[in-house]
Amino acid sequence: PFAEGEKERLLAEVRALLRRYRGMLGRELPALEERAEDYRELPLVLPLKGTVWHGVLDRVYRVGDRWYLDDYKTDREVRPEAYRLQLALYRRALLEAWGVRAEARLVYLRAGRVRAFGEAALEEFEGLVDGGGGGGHAAAFAFYLPIMRWMFASNQVSGNLSLKQI
């Protein structure tokens, strides 16, 4: 569906983003070999206070005892505040489903920058969404995510190109 020149430009842009990502590994981001657990593109269904939030966790991984939740962005401008609610919801869902307190971060691929949000900044947004309630709201997410975790861990998922394969 793309003209030949447009197709080549897009492919060059994707290659540049992948090179930038690889360059960030071992520096701004933990190297892939350092990750004891590493999950990509995990589906999210999170019911909170009459709203069902849907999304995909780009990457969740563990290095030592520390968990990370990375959301990749290709934005031309680095505007982390635009994504604070998204990361608060993702972090909340992960906490309720797995009992994992992850450091939620935006990975800006064009800029080669990582922006972590402090726990307090994300909890403020969680409180706005559910009125500070908590506990048991993520039933659908808690059901699906462990199944997906098993599927990834046991190589039951095929067709996804992982960054380890690139």
From Leu94 CG over to Arg92 CZ, what is the distance, rounded to the nearest 0.5 angstrom? 12.5 Å
With no hydrogens and no angle check, is any side-chain donor or acceptor of Arg62 less than 3.5 Å from a backbone partner on Gly64? yes
Is the distance between the ring centroids of Trp53 and Tyr90 under 6.0 Å? no
4.5 Å side-chain heavy-atom contact, Leu46 and Val52: no
Check the surroundings of atom CD in Glu77: do more than 12 heavy atoms from other residues, nucleotides or ligands lie under 6.0 Å from it? no
Distance only, no hydrogens: is a donor on one side chain within 3.5 Å (strictly under) of an acceptor on the other, for Tyr83 and Asp75? yes
Side chains of Val107 and Met24, heavy atoms from C-beta outward: is any pair under 4.5 Å? yes
Considering only heavy atoms from C-beta outward, does the side chain of Lys73 approach that of Asp71 to under 4.5 Å? yes
Contact between Arg84 and Leu122 at the side-chain level, heavy atoms closer than 4.5 Å - yes or no? yes
When hydrophobic residues are tied together by side-chain contacts of less than 4.5 Å, even through go-betweens, does Leu25 share a cluster with Val63? yes
Main-chain N/O of Pro30 paired to Arg35 side chain as donor or acceptor, under 3.5 Å: yes
Hydrophobic cluster of Leu10, others only, ordered by chain and residue number, side-chain cut-off 4.5 Å: Phe2
Would you mind telling me which of Arg59, Arg105, Arg91 makes a salt bridge (Lys or Arg N to Asp or Glu O under 4.0 Å) with Asp70? Arg105
Tell me every residue that passes salt bridge (Lys or Arg N to Asp or Glu O under 4.0 Å) with Arg79, counting only those two or more places apart in sequence or in another chain. none
When rounded to the nearest 0.5 Å, the distance separating CD of Glu8 from CD of Glu4 is 5.5 Å
Would you say the side chain of Leu95 lies within less than 4.5 Å of the side chain of Val100, judging by non-hydrogen atoms? no
Student check: side-chain heavy atoms of Tyr61 and Leu69 closer than 4.5 Å: no
Answer yes or no: is there a side-chain heavy-atom contact under 4.5 Å between Glu119 and Arg101? yes
If every non-hydrogen atom of Arg20 is compared with every non-hydrogen atom of Ala111, which pair is closest and at what distance? NH1-C, 3.6 Å
Report yes or no: is the cationic atom of Arg110 (NZ for Lys, CZ for Arg) under 6.0 Å from the centre of the six-membered ring of Tyr108, at an angle within 45° of the ring normal? no
With heavy-atom distances below 4.5 Å as the criterion, would you say the side chains of Val78 and Arg113 are in contact? yes
Going from CZ on Arg22 to CG on Leu32, what distance comes out if it is rounded to the nearest 0.5 angstrom? 10.0 Å
Please assess Tyr72 against Tyr21 for the test ring-ring contact (aromatic ring centres under 6.0 Å, His included), listing each intermediate value before the final yes or no. CA-CA 10 Å; Tyr72 302 120; Tyr21 175 78; 5.6 Å; yes
Value for CG (Leu87) from CG (Leu106), rounded to nearest 0.5 Å, stands at 4.5 Å
Can you hop from Val56 to Val60 via hydrophobic side chains spaced under 4.5 Å? no
